Structures are given as structure tokens and as C-alpha cells.
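First the proteins, then the strands, lettered A, B, ... as listed; each starts at 1. Predicted, not measured: the structure shown is a model, and the values here were computed from it.
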Amino acid sequence: MAFVTLQNVTYKYPLTKEPALREVNLQVKEGEFVAVIGPNGAGKSTLCYALAGFVPHFFKGEISGSIEVDGKKSDESTLDEWVLNVGLAFQNPFNQISGAKYTVFEEIAFGLENIGVPREEMKARVEEAMSLTGINDLADRSPYSLSGGQQQRVALTSILVMRPKLLVLDEPTSQMDPIGTREVFGVVRKMAEEGMTVVMAEHKVEWIAEFADRVIALKEGRILMEGRPNEVLTSDLLPENGFGISRYTSVAREAKKRGLWKKDFLPVTLDEAAEGFKSR
Amino acid sequence: MHERLSFHVKRDSFLHRLNPLTKLVMILALILVTFTFPWYWTPHLLVLVAVLPLSLLGKVFREFSFAALRLILPAAGFLFLMQAFFQPVGSDVVFKFYFLDITSESLTFAFKNAMRVFAMVSAFTLFLLTTHPSELMSDLTRRGLPGQFAYVIISTLQILPQMQAKAQTIIAAQRSRGLDTESTFFKRAGSLVPLVGPLVFGSLVEVEERAIAIEARGFTSKHAKTSLHEIPDSSFDKALRWILLALIIVSIASNLWLS
Ligand SMILES: Nc1ncnc2c1ncn2[C@@H]1O[C@H](COP(=O)(O)OP(=O)(O)OP(=O)(O)O)[C@@H](O)[C@H]1O
Ligand SMILES: [Mg+2]
């Protein structure tokens, strides 16, 4: 049975005419790492909020269909119970700083304080989560004094430390350099391997190709396509619908038209492209 | 720019190790006794035997004297002058300044009041220097202060400098597009109107996102909260609070009795 099930979910924010999600059907297995791609305004963030319970519990608006995680229906639960199972880190790292804490260590402990984790266990879990994301050296800094990328790592750590069963990440690497991005994808992959289910909205298709199990392409609130990363990310449908795609895919597609690419698949990453051009 | 609104000096001292509530009761006692105990030299004596030794015990003497000399003393001095000149009491004129008579009564009165204010602000400064705001709030939350209330106080303290920084950014951005922020007052005031939009609406979106962020981290969870830092509360603390409370009552009672 699927760990996450969305059935015919259609959702409209209050005071808007067009739905932000339309008839979304989605199943995610336990321990699966699913990436969500889509142009601006496609509904990626809205889907994240829906999984994390903020749509409709926080944003109100009209919703139909059902959202189920770990056997529980979102509309039969309350937000404060829901967030114990589903962790959310969203786009803007600055606004994810609680504002109640003076150091990064305290900031990461904030969620554990709220759910009543005993002090010794709390410290151990914070240490562990910080080593996982590689931010031990930031422990005593003020969260406000960090760079955007560092703040994003803190935001991710603050959620990981709560050990959610479903981890929802909305563009968690938008302010990170390639090294940071790679590390975050690595951490997320590792969590998935350990059984955490992950849904991540993300633009960086090359990393998705390398790390994700499955890709969902959203457009105007609808699922346009879903499938294995290479299948979706190299589909002709993406460029036709205004999705950002890998430059290696574009190059190989162009090369194919001129008979320079002989493989029967298109590459997403540099390695695949290099391999394909070498052995033609 | 990322300066935070806290005077706390991190140190290990007797005063730092006291429970925040004990310190709160302590400054309250100091202030109330200063204002109510019916003996002229009370504030002066308290500064000498309580405030100054406490600043040493708290290992913040240097920071404290800096604040006392630069801020509190000038303010108290100003208060002294105002009251000495404009308090129309007594007849024993010791000094004439144009049409203003300064009597010995107004001088003693002003001296006492200035000293009271000095003692009060000093005590409060000592409290701020030796108490971490989040420690104070955790302790009060544990004693039943609503978590939301504590959150609002702490986050306001933290966010004010951020808001200020952002206003600077917006001004810079708009000035670079020709906003006038340097000519006459009224022109400038008028031209600041465009600043309100981004600052306020920006803040509203931020407030919404921040609400989501803390909610996602279990802020409204019905579990009993725990706290990362252990907040000291020894039996000495408890005894001290009772003694201070008794002191407050004696002081207020003697004030009522003798007046
Ligand atoms: N709080 C809100 N109130 C009303 N409408 C909203 C709100 N948030 C998003 N929308 C609308 O819902 C639609 C989907 O937005 P969403 O933020 O989910 O897109 P996205 O795929 O995350 O885009 P981006 O790549 O820019 O992050 C958009 O048309 C947007 O204008
Ligand atoms: Mg988004």
C-alpha cells in the first residue's frame, strides 16, 4: 500500500478563480524519493503545502478529493498532529528562522522543545542532525548572521531533527552553490534509503536525474507527466510546455537531429552526455 | 547590521547563575524599597550597598559603569537640575538664577528623586546585563506564561534590527531609482510613503511564512514543552525570593504607617 495517496485533489486558494491544484492523483511508496518539477506558478509549493497539511488547514480555501499519509486522512486530522508525521521546509530560508532563538543550536532544538523531547535526548538529536547536514561549526552562530545557503541548511536540519516519516522539501537548495546542493541531495537520498519518504520540489534537473527515484512534472496545477527521472526529464513534452531542462539534454536533442547522437536515449547529466558522445 | 537587541553579557557569575525570576524579584524589591522606604538616604545607601556590589558579583562592573556614566548619570543629572529649578518648595533660598529661586528644600528633594531614578535604572540595567532574554522567557513559560506571549516578546526583540536593516535596503533601492530622501523635511516625509508598502506588505507575507515555519515545528503542539537549557532554580533562589518579598512588604507597610 502506498504511504502517501492523493486522490483527485483540486484546490483553490481563498479569493482566487483558478485552482492551484487540479485533479491531482499521486501515490508515493514508503522510502521513495520523488521530485516535483514545474515552471513558476505550476503549483509545486501548493502541492508541498497540501502534503504538509497547511493546505487547507492553514490557508483555508476550497479543497476536494482526499490526502492520505501513513493511513491517516488530512481532513480528519488537526495540523498540530499532522506535523508530527510530516516535516516541511519551504523556499525562503530567512522566514523559516523561528526568531525565538539566539544560536543555530537552539534554533534546531526549537521543534524538539515544542514536542516535549527530554533535554539529554534533545541535545543528542541536535548534534546528530547537525553532523548529518554538516553544520556543526555553525552551532553557536546567530541564525540571522548566516548566508542564504547556510540558512537553508539550518532549515533542513531543523526539520530532519524531528524525524518526520514524510519529508516535504520546497526548493531546499535554491540559494546553495553546487557543493551544497550535492550534499543536500546526498543527505536526502540517505534519509530515503533509511526509510523516510521524501517529496521535493526542485528545479535542478541534473541532480534530480542522479538522485531521485521518480519525477512528477506539474503544469498549471495538473500532473503533466510522471515516471523515472530519465524518462520524464528527456521527454519532448517538457520543453514544449515551458519547463527548464538540462542543457545536456538540449544539446543531445539538437545533435540527434543532425545525426550526431546515436543513442536511443537522451542524457540529463554531463556524465551521460560525455559517455554518449564518446561511444558513438 | 545583524546586531541583536540584547544587552546580555555572557559570563559565569553568581548573578548569572541566579534564577531569572529571582533577579526579577530582586530588581523589583530594589525599586520598590527605593521609592517607598521612608528614610531620606535609602536610595543612596542602596546604590552603595546593593547596586555596586551586585555589579561586581555579576562580573559586569565594567559594562555597568559604562552604561551608568554614559546614560544613567546624565539622565539623572538632568532630572536633578529640572527639579531643583522648577520645584517651588521651601523658603531657604541658597541660590538665585534670574527669576528662579533655588531653595535648600528643592535641592534635597531633587537629589533624592534623581538618586531614586538612578537606582531604579541601574538595577534594571544589571538585570539586562546578566539575564539572557530567552532564559527569562523559558523560565516564565515554565511557570505558566503562555508560550505565544513569550514568543512575541523574544521574536520582536530579534526582528526589530532586521526590520531596520530591511528599511535601509528599501530606501537604498528606491533612492537608486530617484527617491528623494535628503531635501526638506516635508518633501522627505512625503517621499517615504512608497517605503511603507514594501515594508508592511513584505512583513505580512513574512509573518504568514514564519507562522507556517513555527507551526511545522510543532509550536502549537499540545505536548508539554521542554527546554534545551536547564534554568537554575535552587533552594537558595526560593529562599531569596521570600526574603525579598518580605522586604518589599516591610518597606511598603512602613511607608503607609509613617505617612
Ligand atoms: N497564498 C496564496 N494565495 C493565493 N494564491 C496563491 C497563493 N500562493 C500561491 N498562489 C497561486 O497558486 C498558483 C500556484 O502557486 P505555487 O506557489 O504553488 O507555484 P510554484 O510552482 O511553487 O511556483 P514557483 O516556481 O514560483 O515557486 C499560482 O498561480 C499562485 O499565484
Ligand atoms: Mg514555489
**OP:** Check the surroundings of atom CZ in Arg143(B): do more than 12 heavy atoms from other residues, nucleotides or ligands lie under 6.0 Å from it?
**Re:** yes

Original post:
Which answer fits Ile159(A), side chain, backbone, both or neither, if we ask what part of it has an atom under 4.5 Å from a heavy atom of chain B?
Top reply: side chain

**OP:** Classify the angle between the aromatic ring planes of Phe219(B) and Phe110(A) as parallel (below 30°), tilted (30 to 60°) or perpendicular (above 60°).
**Re:** parallel

Original post:
Does Thr220(B) reach the side chain of Thr78(A), with side-chain heavy atoms less than 4.5 Å apart?
Top reply: no

Original post:
Under 6.0 Å from the CZ atom of Phe124(B), do we count more than 12 heavy atoms belonging to anything else shown?
Top reply: no

Original post:
At what distance, to the nearest 0.5 angstrom, does CD1 of Ile212(B) lie from CZ of Phe90(A)?
Top reply: 5.5 Å

**OP:** Measure across Ser134(B) and Ala100(A) and return the closest heavy-atom pair with its distance rounded to 0.1 Å.
**Re:** CB-O, 4.4 Å

Original post:
To the nearest 0.5 Å, what is the distance between CD1 (Ile108(A)) and CG (Leu228(B))?
Top reply: 10.5 Å

Original post:
CG of Leu112(A) to NE2 of His223(B): how many Å apart, nearest 0.5 Å?
Top reply: 11.5 Å

Original post:
Which answer fits Glu107(A), side chain, backbone, both or neither, if we ask what part of it has an atom under 4.5 Å from a heavy atom of chain B?
Top reply: both

Subject >> Options Leu84(A), Ile97(A), Leu79(A), Asn95(A), ranked by heavy-atom pairs under 4.5 Å with chain B, top entry >> reply: Asn95(A)

**OP:** Specify which of Ala109(A), Gly111(A), Gly116(A) makes the most heavy-atom pairs with chain B at under 4.5 Å.
**Re:** Gly116(A)

Original post:
For Phe78(B), does the CZ atom have more than 12 heavy-atom neighbours from other residues, nucleotides or ligands under 6.0 Å away?
Top reply: no

Original post:
Is any side-chain heavy atom of Phe94(A) less than 4.5 Å from a side-chain heavy atom of Glu209(B)?
Top reply: no

**OP:** Look at Phe59(A), Tyr49(A), Phe54(A), Trp82(A) and state which one has the largest set of heavy-atom pairs under 4.5 Å with chain B.
**Re:** Phe54(A)

Original post:
How about Leu69(B): does its CG atom have over 12 heavy atoms from other parts shown lying under 6.0 Å from it?
Top reply: yes

Original post:
Can you name the closest pair of heavy atoms from Glu215(B) and Val83(A) and give their distance?
Top reply: O-CG2, 3.6 Å

Subject >> Heavy-atom donor-acceptor pair, Thr226(B) side chain to Val117(A) backbone, under 3.5 Å >> reply: yes

Original post:
Considering all heavy atoms of both residues, which atom of Gln96(A) and which atom of Arg217(B) are nearest to each other, and what is their separation?
Top reply: O-NH1, 3.4 Å

Original post:
Does any N or O in the side chain of Tyr151(B) come within less than 3.5 Å of the main-chain N or O of Ser98(A), such that one atom is a donor and the other an acceptor?
Top reply: yes

